[in-house]
Structure formats: C-alpha cells, structure tokens
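Beneath this line is the structure, given in structure tokens, with notes to follow.
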Amino acid sequence: MQIKPPVARKEQATDPYAWLQQRDTPEVLDYLQQENAYQEACLAEQAPLREQLFEEIKGRILETDLSLPSPWGPYLYYTRTTAGDEYPRHYRCPRPADDSNRVDESREELLLDPNALADGGFLSLGAFSVSPDHRLLAYSLDISGDEVYTLYVKDLASAALTTLPFDDCDGSMTWANDGQTLFFAELDDTHRPWRLRRHTLGTAGAECVFEEPDGRFFLHCYRASSERQLVLLLNSKTTSEAWVLDAATPQAAFTCLAARVEGHEYFPDHGLLDGQWRWFIRSNQQGINFALYHAPADQVPSREQWQVLVAHRDDVMLEGLSLNAAALSLSLREGGLPIIEVHPQGLAAYRVELPDAAYSLYVQDSLEFASDRIRLRYEALNRPAQVRQLELATGAQQVLKQTPVLGTFDADDYVSERLWAVAKDGTRVPISLVRRRADLGRTTALYLYGYGAYGESLDPWFSHARLSLLERGVAFAIAHVRGGGELGEAWYRAGKQAHKHNSFDDFIACAEHLLSEGVTTRERLAISGGSAGGLLIGAVLNLRPELFRCAIAEVPFVDVLNTMLDPDLPLTVTEYDEWGNPEVPEVYARIKGYAPYENVSAQAYPAMLVIAGYNDSRVQYWEAAKWVARLRTLKTDDHLLLLKTEMGAGHGGMSGRYQGLRDVALEYAFVLNELGVV
C-alpha cells in the first residue's frame, strides 16, 4: 500500500508556509511529527540495511581508546573513550620525568565525565579550560542544541562544583593569570556574542567590560600564545578590531590595538622575536591574501609601528599563525592545498613535506609556548588521520598517533585524485575524488559533496563511515566551488554576494565533468551538502534537477531571502556581508533569483532526504519544513521527498557518537537504495 505524505496547509499569502515559523504551537509540532512518521514509514524497509551499516561503521572504530596526551605544566591532559559511551571522559595525570607521553593510570584524575552529565539526552561541551595554576576547571554545557550555555567552575582538589549564575552565555570562558578572574561572552537577542563580562570567583556578579553595538560584529576573548596577554577580538565578515590586556592585571581596561577601518581585517598574537616580546599581526592592509607584521610589545603600538615580517604574496594565502618561543609556523594555502611553513628563529625557513597529492593539514596543538615542537594533524581521503610531531628547528617528523581502522583496511586499496572541472566562465574548479583502486577505469555510483561559503576550505578528510560506500563501489568526491577558501581570498570573494551564482555553476560543472569523464552516470549520482552547503544543493536542484538521482540536504539554509529580511532572527545582520542586505532593491532581486525556497518550480526533482534540527539557532527548522512543503505541492515526479526533524538537536545534529553514527547509517541507506547499490 502506498503511503501518503503529509500536506502542509497553504495560506493565501506572499509566503504561504510562514505559519510553520510559529515555534511550539500544536499545529506546527503536529506537522513535523507527521513528516517524521512519514519518513520512518517510507524507510522502514531499509531498517536492516541501516543496522548493517551502523554495525559496519562501529566495527571499524576503536571504541575504547586514549587520546594523545597533551603536556602542560606538571600534568598530561587527555581524554579516553570507552565502548558504549557516547562521549569521551577528560583526565589528567602527573607529567613523566622523562617528558614522554606515557600515562600513569594509577595516578590519573577524572576531570569531567560528560556521559554522566548528559544522562542520555543532548549535550554539547563548550569551554573546557583549566586555570593557569591547574587548580580549577571552567567548563560550559548546552543541553538542548540551541547553543546557549550554562557556566561551571570545578575545584579539582575537592570536586566542589559552582554553577555560575549567568544567563544567555555563548559558552566561552577565558582565564586571567591570577586563576581567579574569568571573562565570558553574553548573547544578545539575535544570538550574537556582543557583551564581554568579567567575573571574580567568590563574588555574585559579573562586571560588563565591553559591549559591541554593531550587529555585524561578533565578540571573542582568548589568551595569546605567550600566555601573557588577553585579546578581545571583534570581527564581522569583512572587518576586525582587537583590544588587548596584560593577563596579569585583569582588573585593568582593555586597550585598542588598531581602530577598525571598514575592510581591514587583522588578527593579533603575542610572542618572542629575537628574544624580544613582540606583537605579531596578520593583516590584509596591503593585500587580500594577508601579510604578517610585528610591533613592539612594551606598549600598545600604533599601526604606523607595524613592520612587515612576511610580505603579501599574490599566489599564497596566509591563513593563520602559530607561535612558540623558538619559531613561528605559518598556515598557508597555495594551489588549493594547505601548507605549513616554519620559520625557526635564527635558522632558514622550510615547508613541511607530506606524502599525498591532496590532503588536510593543520597545526593541531602548538603545545606549551616554550616547547621546541608542535603537533600537526594530517589526513587524506584514503589515509586515516595522523598526529605528527614536528621538531621546529630541524623539520623532523614523527607519527605519534594514527587513527586506527579496525578490520581489513589498506589505504593502498583506494586512490585519491585531484581533478579539475571548467565552469562556464572558464574558471578551473578543483575536485577531490576517492575510489577503490579496483574501480579505476570503471563507471561507478558517486556521492558528490559541496559547501562553498564563508571562505571555509573543504579539505579532503578521511571517514570511517565513508568506507561503507567505497567498499560497495560508490566513489566519493568533493566539489571545491567558489565561495570556499580553497584557492585563497579571491576564490572566496568570487562566490559571495553578487557572485554567489558562481558557487552553483561550479558545482554543476563538477558534476558534468565527472559525468563526461565516465566516472559516474546521472542515474548513479547522489549529491549532498549541509547548512550553506544545503543552500548550494537546493539551488542546483532548481537549476539542473535532471543531473542527479538523489540528494541529501542537512540543516539547509534554503529560505535565505526571508531570513535575511528579518533582522530579529539570530545572526541575520552579521550575514549581510556574506549574502547582502535584501532591503537594498538590487540585492533583494539577486537573492530572490537563486533562493532555493523561492525558486521551486513545477518540474521533476530527484529523490530527497532533508534533515533539520528543531533547536537549531543558526538555520531555523522551518527553512527545511517550508521548503519541503512547497516542493510537495509543485514537483511533478513521484520520487521520495522526506523531511526528518531532530526534535532534540541543533545545528550539528545529535550530540552522541553512536547517535551520530545512526544518523549517517540512515543517510547512507537512503543513498544506496536510491542508487541501486543495496
């Protein structure tokens, strides 16, 4: 018997499904529950496959494992996962005299057990910050997924726990060097961190230190690499301003490092250069790919005192900086790939050498400021993540830990490739592809993923779960479309605001290239994206639905026009720099021209699975619900259209690791069934 889908009530209004925005009303809850029941009924026959996939994926993961301990002061800090537990537990033990990473279990202390705190429900750990004297632990918890946190301080000697009496916290907690003063950020009505407060332990209140009235700017406080300075960073999508404070004098006032100038982005850190304390400032004042400057730290320097340390390069993006006493490590991007360039003090600079052609690489841990080594995280589509120790002076590398893959796995059984598509304006667009070596030269099913927003780089990553696709002959690819940061700042700017359509054209070009090269066929092509990547998926489905067999859109930002027209919604004003302000007529027309919800039309669409989080504060649940409602009334095909709303989750989905695996199993079973690979 054919199951009938729920049909949402359609009002005679400009936005006929706006009533779905009435959170917590019986009618809205009833509709979402109907959609969930419909999704469960339609996929009921896939339950055995879902369970098989779940067990496969879980079977590759070392369920009981110890993280690589991180040395700090007199202790090693680390986490331990245990089979059956959703979350890792946090521990420390005395640091060995030989400065090794060897854990002494007989002397370890349990610092925090999120499993006990979650009690089976949603739990997200925000801050986890030990005081500089190692006596206290400051941490924050979100128990609903709405990214509003409660703050706690735990005495690690007595286990005495204090709940701080503050509301609307973003979860951040930053210690001053006295071990008694905490700085934390407060959210405004639009869910923007806008006010910095200072709390002294043992007192009831918290003093307001700073307020940021401009709705485009986020506020964030952090400790500099040297541990001697605190930095208060205010930044929008295009402009930043930093205020600094000696961490030893937390009751003093922050001082502005350089007044904001529209379009000027700069990010300061504090460390040593030739034995002298200096400010290090990554700034775009001389070019969009950023340069590195240094300035004296005995006083707050004027911008005129900034001196070039690493000049701007047209073909190399300076993405980040890590500081140790004896070296600075630059995170660069060149030719679409991440690069670590190390500048040891008094020695020649060098670039870290790596084995693969396409990969993900970043500084995972710069360790203590005085350390002569750092840790890098490295992985590729066919290579599990490794933590590599880098000796800063020599460049020598040592693999300290590799993420294990249980069962029969050989990285050489899979081939990681870099392909290039050509968009309709002639731009070459990179594609990262992985498939079984045995499938080279064959046409296979393919899962194509994309994002393309906010300058975020979607570097190739390894996935235990993805092996369940690859082993069944399903290749996996990432379309590195404009709007991301893979090819530098210019690549990002070419896919935002007035140029947003380039993201959609690039994704379509990548799909067409994979089809023309015989990697896959239209009937065997699945596409997926989440959040702003969900906008990407929604847009290309409106433009070229015939290219794809099925699609997954997770927490999709598909109602972009209505969201950007409502400045009272969380994050809307801060997003103007990314999408534009539709109160401007030409911007309104532009966004309306591609917004997925607005552009649903009477045509055939591929099978679709849409995922929403009811407590999502970034992309509201109703964006997915309204989109699906409109698709149901207009699409001319009989392919599955399913909406699953996680009623107890936020933007990142369910919080536990096993819960997350079951979500992946659901999506993979849907894709495999649609592609005929079951």
Side-chain angles (χ1 to χ4, degrees), residues 49-68 81 83 337-338 352-362 364 375-390 396-419 430-449 458-478 480 514 517-520 524 526 528 657-658 660-661 664-665 667-669 671-672 675 677-678:
L49 177 57
R50 287 202 300 272
E51 190 63 26
Q52 179 185 348
L53 287 166
F54 172 75
E55 292 297 335
E56 277 180 20
I57 299 167
K58 183 164 70 76
R60 298 187 191 102
I61 296 170
L62 186 61
E63 295 182 75
T64 298
D65 196 13
L66 187 72
S67 72
L68 186 62
T81 54
L337 293 173
V352 175
E353 296 184 0
L354 298 162
D356 295 296
Y359 53 83
S360 173
L361 173 71
Y362 60 89
Q364 176 174 286
R375 291 175 180 173
L376 310 176
R377 183 179 174 90
Y378 174 77
E379 61 189 308
L381 287 171
N382 63 330
R383 190 184 301 275
Q386 299 174 341
V387 180
R388 294 179 167 224
Q389 179 173 281
L390 178 72
Q397 296 182 52
Q398 177 187 357
V399 177
L400 297 180
K401 185 177 179 65
Q402 177 164 302
T403 303
V405 181
L406 303 185
T408 56
F409 170 77
D410 184 345
D412 291 336
D413 290 342
Y414 306 92
V415 179
S416 175
E417 304 168 74
R418 175 56 63 94
L419 309 178
I431 304 169
S432 295
L433 172 68
V434 62
R435 48 185 164 173
R436 290 186 304 192
R437 190 173 297 277
D439 290 329
L440 290 176
R442 300 178 185 173
T443 298
T444 68
L446 175 71
Y447 187 113
L448 178 62
Y449 189 82
L458 212 61
D459 291 322
W461 73 96
F462 181 83
S463 166
H464 288 80
R466 190 189 301 133
L467 292 175
S468 288
L469 297 179
L470 297 174
E471 289 176 356
R472 287 172 170 80
V474 180
F476 176 83
I478 305 168
H480 300 286
L514 292 162
E517 291 296 306
V519 176
T520 191
R524 305 186 76 188
S528 177
R657 60 171 175 164
Y658 295 110
L661 294 184
V664 172
E667 295 178 14
Y668 279 10
V671 167
L672 292 171
L675 299 183
V677 186
V678 293

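This is a predicted model, so every value here is computed, not measured.
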Side chain to side chain contact (heavy atoms under 4.5 Å, CB included), that's the test. Do Leu470 and Asn382 meet it? Break it down for me. CA-CA 10 Å; Leu470 297 174; Asn382 63 330; over 6 Å; no
What is the distance from atom [atom1] of [X] to atom [atom2] of [Y], rounded to the nearest 0.5 Å?
{"X": "Leu514", "Y": "Ile431", "atom1": "CG", "atom2": "CD1", "value": "4.5 Å"}
{"X": "Glu517", "Y": "Thr443", "atom1": "CD", "atom2": "OG1", "value": "11.0 Å"}
{"X": "Arg383", "Y": "Thr403", "atom1": "CZ", "atom2": "OG1", "value": "12.5 Å"}
{"X": "Ile478", "Y": "Leu419", "atom1": "CD1", "atom2": "CG", "value": "12.0 Å"}
{"X": "Tyr414", "Y": "Leu433", "atom1": "OH", "atom2": "CG", "value": "14.0 Å"}

Residue pair [X] / [Y], side-chain heavy-atom distance below 4.5 Å:
{"X": "Val474", "Y": "Val671", "result": "no"}
{"X": "Gln364", "Y": "Val387", "result": "yes"}
{"X": "Ser468", "Y": "Arg60", "result": "yes"}
{"X": "Phe409", "Y": "His464", "result": "no"}
{"X": "Tyr447", "Y": "Leu675", "result": "no"}
{"X": "Gln389", "Y": "Leu68", "result": "no"}
{"X": "Arg466", "Y": "Tyr668", "result": "yes"}
{"X": "Asp459", "Y": "Tyr362", "result": "no"}

Examine distances only and state if a side-chain atom of [X] and a backbone atom of [Y] form a donor-acceptor pair shorter than 3.5 Å.
{"X": "Asp356", "Y": "Ala380", "result": "no"}
{"X": "Gln397", "Y": "Arg388", "result": "no"}
{"X": "Arg436", "Y": "Glu471", "result": "yes"}
{"X": "Thr64", "Y": "Ala83", "result": "yes"}
{"X": "Thr81", "Y": "Glu63", "result": "yes"}
{"X": "Thr520", "Y": "Thr444", "result": "yes"}

Which atom names give the shortest non-hydrogen contact between [X] and [Y], and what distance separates them?
{"X": "Val664", "Y": "Ala465", "answer": "CG1-CB, 3.8 Å"}
{"X": "Leu406", "Y": "Gly59", "answer": "CB-O, 3.3 Å"}
{"X": "Leu337", "Y": "Ala358", "answer": "CD2-CA, 3.9 Å"}
{"X": "Pro460", "Y": "Leu381", "answer": "CB-CG, 3.6 Å"}
{"X": "Ala385", "Y": "Glu379", "answer": "CA-CB, 3.6 Å"}
{"X": "Pro384", "Y": "Val405", "answer": "CG-CG2, 3.7 Å"}

Which pairs with one or both residues in residues 397-416 pass salt bridge (Lys or Arg N to Asp or Glu O under 4.0 Å), sequence neighbours excluded?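 Checked against salt bridge (Lys or Arg N to Asp or Glu O under 4.0 Å) - neighbours excluded - the pairs reaching residues 397-416 are Asp65-Lys401.
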Is the CD atom of Glu353 crowded by more than 12 outside heavy atoms at less than 6.0 Å?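 Atom CD in Glu353 is not crowded, with 12 or fewer foreign heavy atoms closer than 6.0 Å.
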For Arg435, what residues pass the side chain to side chain donor-acceptor pair (under 3.5 Å) criterion, not counting sequence neighbours?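 Partners of Arg435 under the side chain to side chain donor-acceptor pair (under 3.5 Å) test: Glu417.
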Report the C-alpha separation of Leu672 and Arg472 in whole Å, then their side-chain angles, then the decisive distance to 0.1 Å, and conclude whether the side chain to side chain contact (heavy atoms under 4.5 Å, CB included) test is met. CA-CA 9 Å; Leu672 292 171; Arg472 287 172 170 80; 3.7 Å; yes
Under the ring-ring contact (aromatic ring centres under 6.0 Å, His included) test, residues paired with Tyr378 that sit two or more places apart: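 Testing Tyr378 for ring-ring contact (aromatic ring centres under 6.0 Å, His included), a comparison that skips the adjacent residues, returns Tyr359.
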